[in-house]
Amino acid sequence: MKRYIKYSVVVGLLLALLPLQAQNDFGTSDDLGRIQLTSYVSNQIENLPIVARNNLQSKLARAVNKYGLGGSTNNARFIITPNVSVLEKNVLATAPPRVVVVLDIGLFVGDGVSGTKFSSGSITAKGVGSNETKAYINAFKQLRPENKEFKNVIEAAKPKILEYYNTNCDFIVAEAQNQAAQNNFDMALLNLTTVPQVSKDCYSKVSALIPEYYQKKIDTECNLKLNNARNVWNTDQNLDGADKAGIILSSIDPNASCYRDAVRLSNDIGKRVKDLTDREWKYILNQQKLDAQVEKASLDTAQKVLTTYFENQPQTINYNVRGWW
């Protein structure tokens with residue numbers, strides 16, 4: 001019964017982290033927030049100083065997040081990407097000299113994997129600085145989510161992004177199943193959790209798989225970590241080996257199927273440490289404490305798998321924006 005309760009906690013959280021209601025319309029900004037875009041600055045932009053490029057990436061990402069489209073991954077399929085053209089550049093004969101640039105900032109939204117552009121627009125921005133880089137950076141400050149052109153580009157792309165999920169749901173599910181079959185549960189979860197709520201039928205399909213894959217993920221990781229901890233302890237049964245094994249054991253999710261085996265190993269190590277040092281081992285897993293705090297542990301772990309993991313992954317997709325501008 002306790003096992004069922006623990007599992008239900010994880011299931012409930014994972015479903016709660018996805019949108020709570022399912023509809024398939026374009027009517028509200030809340031729906032828009034379910035679609036994820038990755039901000040991407042292409043190397044195809046010519047003569048853009050590296051510091052200014054990084055600043056543009058940051059500005060665009062913040063604008064996307066404030067608009068409600070920021071996702072938990074740097075590898076989303078759909079991207080918003082800029083192009084920068086210099087319309088005017090002048091150096092003012094002041095003391096010290098000042099650089100003035102007038103930029104055309106093109107904005108493009110599309111499928112960065114297939115290379116399909118969905119929408120485009122542009123913003124004219126002026127920047128002044130003590131050098132060219134600072135002038136660029138000051139011009140980029142005008143890239144804001146409340147900007148009309150920014151909104152128009154997003155709104156025009158939204159139906160086309162939704163169409164992708166509606167027509168490719170079976171492929172998305174099959175890809176997640178393939179990843180799960182290879183025990184790559186993180187990527188399986190990533191594929192499933194990027195489906196927006198507004199794609200009603202697809203959302204329903206993927207929601208049914210998420211709790212199953214999450215449980216399999218923590219069970220697989222538990223077995224690997226438990227075996228690793230056993231090997232470490234069997235090789236070096238002293239305080240140093242105990243601490244190394246303890247670090248591994250303490251990273252096991254309390255809702256994993258082998259957690260009680262981890263507790264038993266922890267108790268055995270703790271007894272040996274007590275014999276060696278006449279003190280309590282700092283890494284001992286307390287089953288009684290676990291039972292009292294299992295719900296909190298479940299919530300914390302589930303949040304990490306769906307947020308922290310994906311946020312910390314480097315960009316691995318080589319986006320295709322050829323011909324977008």
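For reference, positions follow the sequence shown, starting with 1.
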What distance separates [X] [atom1] from [Y] [atom2], expressed to the nearest 0.5 Å?
X: C222; Y: K217; atom1: SG; atom2: NZ; value: 12.5 Å
X: E221; Y: L226; atom1: CD; atom2: CG; value: 13.5 Å
X: S85; Y: L48; atom1: OG; atom2: CG; value: 10.5 Å
X: L249; Y: S251; atom1: CG; atom2: OG; value: 7.5 Å
X: R264; Y: C258; atom1: CZ; atom2: SG; value: 10.0 Å
X: Q142; Y: K126; atom1: CD; atom2: NZ; value: 10.0 Å

With a 4.5 Å limit on heavy-atom distance, are the side chains of [X] and [Y] in contact?
X: I80; Y: F118; result: no
X: D243; Y: K282; result: yes
X: E280; Y: K274; result: yes
X: K216; Y: D219; result: no
X: I137; Y: K59; result: no
X: D253; Y: Y214; result: yes
X: K66; Y: R144; result: no
X: N320; Y: S114; result: no

How close do [X] and [Y] get, counting heavy atoms only, and between which atoms?
X: P82; Y: L56; value: CG-CD2, 3.6 Å
X: S207; Y: P211; value: O-CD, 3.3 Å
X: L103; Y: Y136; value: CD1-CD2, 3.6 Å
X: Y203; Y: P196; value: CB-O, 3.9 Å
X: R322; Y: Q44; value: CG-NE2, 4.0 Å
X: S119; Y: A156; value: CB-CB, 3.7 Å

Test item: [X] side-chain N/O and [Y] main-chain N/O as donor-acceptor pair under 3.5 Å:
X: Q215; Y: N255; result: yes
X: S204; Y: K200; result: yes
X: T81; Y: Y40; result: yes
X: N147; Y: L143; result: no
X: N55; Y: V51; result: no
X: N178; Y: A174; result: no
X: T194; Y: N191; result: yes
X: N138; Y: V128; result: yes

Are [X] and [Y] connected, step by step, through hydrophobic side chains (Ile, Leu, Val, Met, Phe, Trp, Tyr) whose heavy atoms are closer than 4.5 Å?
X: F140; Y: L107; value: yes
X: W281; Y: I248; value: no
X: L189; Y: I172; value: yes
X: I45; Y: V86; value: yes
X: V84; Y: V41; value: yes

Exercise. Let me see the working for Y213 and L192 under side chain to side chain contact (heavy atoms under 4.5 Å, CB included), right down to the final yes or no.
Key: CA-CA 10 Å; Y213 288 171; L192 297 176; 3.7 Å; yes
Quiz item: Just wondering, more than 12 heavy atoms not from K134 lying within 6.0 Å of its NZ?
Solution: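 No.
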Quiz prompt | Exceeds 12 heavy-atom contacts within 6.0 angstrom, atom CD of E146 | solution =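 Enclosed: over 12 neighbouring heavy atoms sit under 6.0 Å from CD of E146.
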Quiz item: Can you name the residues that form a ring-ring contact (aromatic ring centres under 6.0 Å, His included) with W324, not counting sequence neighbours?
Solution: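 With neighbours one apart ignored, the set is empty.
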Exercise. Considering only NZ, NE, NH1 and NH2 on the basic side and carboxylate oxygens on the acidic side, decide whether D240 and K244 come within less than 4.0 Å.
Key: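 Yes, this pair counts.
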Quiz item: Does any donor atom in the side chain of Q57 or S39 lie under 3.5 Å from an acceptor atom in the other side chain?
Solution: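 On atom types as modelled, these side chains qualify, holding a pair under 3.5 Å.
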Quiz prompt | side chain to side chain contact (heavy atoms under 4.5 Å, CB included) between I50 and R53, intermediate numbers included | solution = CA-CA 5 Å; I50 185 64; R53 180 187 300 274; 4.1 Å; yes
Self-check item: side chain to side chain donor-acceptor pair (under 3.5 Å) against R98, all qualifying residues, sequence neighbours excluded
Solution: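 Here no residue qualifies.
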